[in-house]
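Naming: A, B, ... by sequence-line order, numbering from 1 per chain.
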2 protein chains.
Amino acid sequence: MTRGARRGGSSGAPRSVDVARVAGVSQKTVSRVFNDEPYVSADVRRRVLEAADELGYRLNNAARALASGRTRSIGVVTLGTALYGPASLIMGVERAVRDTGYALRVVNTMEGDPAGVAPAVHSLLDQGVDGIVISEPIDDGRDGDLAARLDVDVPVLVLGAPPFSTPRSLVAGVDADVMARTATEYLLDLGHVTVHHLAGPQRWFAARDRAQGWRSALVGNGRAVPPVIEGDWSAASGYAAGRRLASDAGVTAVFTANDDMAIGLIRALTEAGRRVPEDVSVVGFDDIPVAAYVTPPLTTIRQPFDVVAQEGIKRLVHIIENPQADPLPASEPPVDLILRASTGPPPTRPPRDRGRRIAHRPDAGGPAPPAQATAPAQN
Amino acid sequence: MTRGARRGGSSGAPRSVDVARVAGVSQKTVSRVFNDEPYVSADVRRRVLEAADELGYRLNNAARALASGRTRSIGVVTLGTALYGPASLIMGVERAVRDTGYALRVVNTMEGDPAGVAPAVHSLLDQGVDGIVISEPIDDGRDGDLAARLDVDVPVLVLGAPPFSTPRSLVAGVDADVMARTATEYLLDLGHVTVHHLAGPQRWFAARDRAQGWRSALVGNGRAVPPVIEGDWSAASGYAAGRRLASDAGVTAVFTANDDMAIGLIRALTEAGRRVPEDVSVVGFDDIPVAAYVTPPLTTIRQPFDVVAQEGIKRLVHIIENPQADPLPASEPPVDLILRASTGPPPTRPPRDRGRRIAHRPDAGGPAPPAQATAPAQN
DNA sequence: ATGAAAGCGCTAACAA
DNA sequence: TTGTTAGCGCTTTCAT
């Protein structure tokens with residue numbers, strides 16, 4: 001057809017002036033149409049759209065960004081691991097960002113990079129993002145507030161980390177304290193005298209928070225606080241911890257900071273002749289896809305990654321687009337304790353019911369496929 | 001210090017002219033320094049860098065992209081699932097892309113979107129990427145070659161998919177055929193008369209290819225080809241399949257298209273009274289982190305996601321930067337069969353050694369933590 | 001409701 | 001080895 005419409009000098013792709021010419025309007029009007037600006041008559045809009053379609057026009061984002069100073073993109077800093085939790089969070093972020101119409105740029109901090117997130121953040125800033133998401137930051141061991149050191153001039157959303165003090169920065173995520181307390185108190189309610197904790201690497205804020213929640217649950221209930229065992233999230237480290245714990249007859253309940261470690265732990269306990277849950281109860285964390293199918297099916301804590309991501313992104317975009325307005329309030333996403341078969345009363349004394357709301361279902365999650373009794377967390 | 005150096009009109013950020021002024025050179029020289037172009041004296045370079053540092057200058061990528069027509073960024077289309085395989089591949093891609101100095105933009109195809117990857121690819125094109133990675137595409141059921149329909153004008157790398165015919169498009173990944181044959185023939189070598197297959201959803205090319213490899217291994221060895229059972233990658237679907245298979249006494253060996261399904265399958269078999277591996281052998285796929293710690297530890301196929309990603313990206317970047325040159329050759333990444341305890345000879349007849357190179361180690365992977373005997377695939 | 005002109009900050013030729 | 005001059009394709013003002 002009218003394809004020949006004088007394509008620009010070099011690159012050959014049609015530009016908005018080309019569309020304008022075909023549609024018989026000014027270039028600015030084309031711009032208006034593509035930005036959904038007001039004051040464009042229906043007729044003109046239609047003609048512009050037709051012309052654009054005919055030419056195969058697509059807006060040049062580099063030019064748009066240069067002229068407007070905004071990129072309509074959000075950068076996310078990840079850890080670059082395929083661990084279920086972080087990976088799920090990232091997937092949630094992708095989806096949420098897409099829904100907002102922003103583009104997503106991703107960088108990962110080199111694993112174990114002593115420099116921490118700073119270089120990653122700066123590389124995003126160089127790319128010109130309108131906002132930044134930091135997913136599951138780990139402590140880089142430096143002094144001073146992370147935010148302060150970063151010196152960012154765009155809003156920042158931190159997922160799964162402790163408060164972060166900067167104007168225009170947000171934190172989203174489920175309160176780790178609540179989750180860890182839910183797990184710990186559930187075990188206490190089953191009658192266990194105390195609960196051991198197999199923690200994640202303490203450089204991770206998420207791991208630290210879970211340990212803290214466990215600790216305060218014990219303290220709050222007047223129980224002894226056993227020493228924390230630190231793993232590295234891997235099943236192998238859970239296995240190693242299990243070998244150590246197996247020899248301690250005082251261990252009847254373990255709250256584990258993720259499911260992979262719980263599975264390794266259970267294997268070690270089982271091999272050592274300590275049955276789960278008859279001798280030792282184990283609560284995991286994450287509810288990984290296979291958790292219901294391992295032996296025994298794993299009682300675990302599940303957090304709604306998608307909700308967390310979606311809510312966080314919504315608040316971030318709100319700040320980006322309404323810098324002056326008050327930030328949107330954060331909601332408290334639901335936490336689920338998924339009851340399955342890796343937990344039960346302690347071997348010696350019978351469970352004493354302290355009248356709490358989470359009942360143990362001895363047969364829960366046994367064989368049936370999704371078998372997931374759900375108890376909402378107390379908030 | 002000299003901070004006051006007249007910041008540009010509106011946005012406040014220093015521009016290259018500001019740096020030029022402070023350094024006492026022309027703006028173009030600043031550009032040269034930041035692009036590592038030749039013909040800049042060491043002294044000038046130093047002065048420019050100092051000035052830039054002093055002003056806190058950072059190159060504006062939108063302007064650069066607009067002027068150069070290149071964005072130095074690569075877009076990746078993902079499935080948006082946290083499945084271990086796809087997630088691992090993405091992490092590998094992130095790392096590989098970072099190493100090349102390119103930025104990464106991510107979009108995911110809406111899960112189960114009938115429109116397939118096309119809209120995702122176009123959204124990347126709109127953002128102006130220099131190359132595209134499509135990770136684990138699934139068949140959208142349309143006629144014609146995917147690449148042809150997409151009508152892309154940048155190089156495309158497809159990870160884990162079938163050949164793809166477009167000039168400037170590449171495929172990377174381990175030959176699924178080799179992997180599936182390795183698993184299947186290993187089971188035949190143990191003495192099993194035939195091998196059943198629990199496949200992934202057949203819309204996925206990866207699932208299809210694995211099924212095909214299994215099939216041709218059976219045919220090539222003159223064995224009966226049992227009907228394929230199709231799962232959806234989930235442990236739940238593996239469990240469902242296991243219930244069906246358990247009642248069939250002819251089933252002594254199952255090759256499963258991923259570990260999650262294998263774990264579900266094993267649970268169902270065990271519950272039905274069929275022991276693994278004594279009655280039924282199971283080989284998984286992926287070697288997920290907990291595979292060595294479930295009961296029994298899972299014999300499985302592992303592919304080197306990081307190598308695949310790295311190699312693919314290297315080839316993609318090569319095409320981007322040397323459009324005329326011949327594409328880099330693809331190498332064949334190593335495939336490992338990880339021998340653990342979910343496989344053994346069939347219950348009735350003794351294993352007959354057909355003189356192949358993979359020996360069964362009855363005690364492999366039992367208790368010890370990483371216990372992973374590795375047998376390289378035949379290539 | 002529409003248009004004209006003026007940049008956004010950089011790279012790309014081409015000089016010098 | 002360095003500088004000059006034009007744009008890249010869009011969004012902004014400000015007119016109309």
Side-chain angles (χ1 to χ4, degrees), chain A residues 5-48 51-52 55-73 125-128 130, chain B residues 5-48 51-52 55-73 125-128 130:
Chain A
R6 175 187 169 277
R7 332 203 117 215
S10 40
S11 70
R15 300 151 302 158
S16 59
V17 274
D18 299 322
V19 175
R21 191 172 306 114
V22 172
V25 298
S26 78
Q27 184 272 330
K28 172 65 216 186
T29 297
V30 175
S31 173
R32 284 203 178 89
V33 169
F34 277 87
N35 286 292
D36 276 320
E37 283 173 32
Y39 305 129
V40 185
S41 72
D43 179 56
V44 167
R45 160 169 261 104
R46 193 186 40 70
R47 266 160 47 214
V48 168
L55 296 178
Y57 169 73
R58 59 185 14 143
L59 202 149
N60 179 322
N61 264 289
R64 194 224 278 264
L66 176 57
S68 69
R70 295 191 19 189
T71 57
R72 288 166 180 283
S73 72
L125 255 19
D126 283 348
Q127 293 177 47
D130 295 339
Chain B
R6 175 187 169 277
R7 329 203 119 217
S10 41
S11 70
R15 300 150 304 160
S16 59
V17 274
D18 300 321
V19 175
R21 191 172 307 114
V22 171
V25 297
S26 78
Q27 183 273 330
K28 173 65 213 185
T29 297
V30 175
S31 172
R32 284 203 176 89
V33 169
F34 277 87
N35 285 293
D36 275 321
E37 283 172 32
Y39 304 128
V40 185
S41 72
D43 178 57
V44 167
R45 160 171 261 104
R46 192 185 42 70
R47 266 160 49 213
V48 168
L55 296 177
Y57 169 72
R58 61 185 13 144
L59 200 150
N60 179 322
N61 263 291
R64 193 225 278 266
L66 177 57
S68 69
R70 296 190 20 190
T71 58
R72 287 168 179 284
S73 73
L125 255 19
D126 283 347
Q127 293 178 47
D130 295 339

Provide the closest heavy-atom pair for [X] versus [Y] in the form atom of the first, atom of the second, distance.
X: A:A62; Y: B:L66; result: CB-N, 3.8 Å
X: B:D130; Y: B:R70; result: OD1-CA, 3.7 Å
X: A:A23; Y: A:V48; result: CB-CA, 3.9 Å
X: B:A51; Y: B:V22; result: CB-CG1, 3.6 Å
X: B:V40; Y: B:R32; result: CG2-CB, 3.7 Å
X: B:L55; Y: B:P14; result: O-CG, 3.4 Å

d(B:R64 CZ, B:L59 CG) to nearest 0.5 Å is 4.5 Å

Note to self: Treating B:T71 as the side-chain partner and B:A65 as the backbone partner, does any N or O pair qualify as donor plus acceptor under 3.5 Å?
What the structure shows: no

Can you pull every protein N or O that's under 3.5 Å from an N or O on nucleotides 5-7 of chain D?
none

Give the rounded distance in Å between these two atoms: [atom1] of [X] and [atom2] of [N].
X: B:N60; N: D:dC8; atom1: CG; atom2: P; result: 18 Å
X: B:N61; N: D:dC10; atom1: CG; atom2: C1'; result: 17 Å
X: A:L66; N: C:dC8; atom1: CG; atom2: P; result: 9 Å
X: B:Y39; N: C:dA15; atom1: OH; atom2: C1'; result: 15 Å
X: A:E37; N: C:dT2; atom1: CD; atom2: P; result: 12 Å
X: B:D126; N: D:dG9; atom1: CG; atom2: P; result: 15 Å

Does [N] have OP1 or OP2 under 4.0 Å away from a side-chain N or O of [X]?
X: B:S26; N: D:dG3; result: yes
X: A:R64; N: D:dC10; result: no
X: A:S16; N: D:dC10; result: yes
X: A:S31; N: D:dT11; result: yes
X: A:S41; N: C:dA1; result: no

Worksheet item: Can you find a pair of side-chain heavy atoms, one from A:S16 and one from A:Y57, that are under 4.5 Å apart?
Response: yes

Quick note, A:V25 side chain, CB onward, closest among C:dT11, C:dG3, D:dG3 is C:dG3

Considering only heavy side-chain atoms of A:L59, the closest of C:dT2, D:dC10, C:dC10 is D:dC10

What nucleic acid atoms does B:N35 come within less than 4.0 Å of, heavy atoms only: base, sugar-phosphate, or nothing? sugar-phosphate

What's A:Y57 touching, base or sugar-phosphate or nothing? Going by heavy atoms closer than 4.0 Å.
sugar-phosphate

Taking N or O atoms only and anything under 3.5 Å, show me the protein contacts with nucleotides 14-16 of chain D, one pair per line.
none

DNA chain C nearest-nucleotide lookup for A:T29 and B:F34: closer to the 5′ end is A:T29

ask   = Can A:D36 and A:R45 be counted as an ion pair, charged N to O under 4.0 angstrom?
value = yes

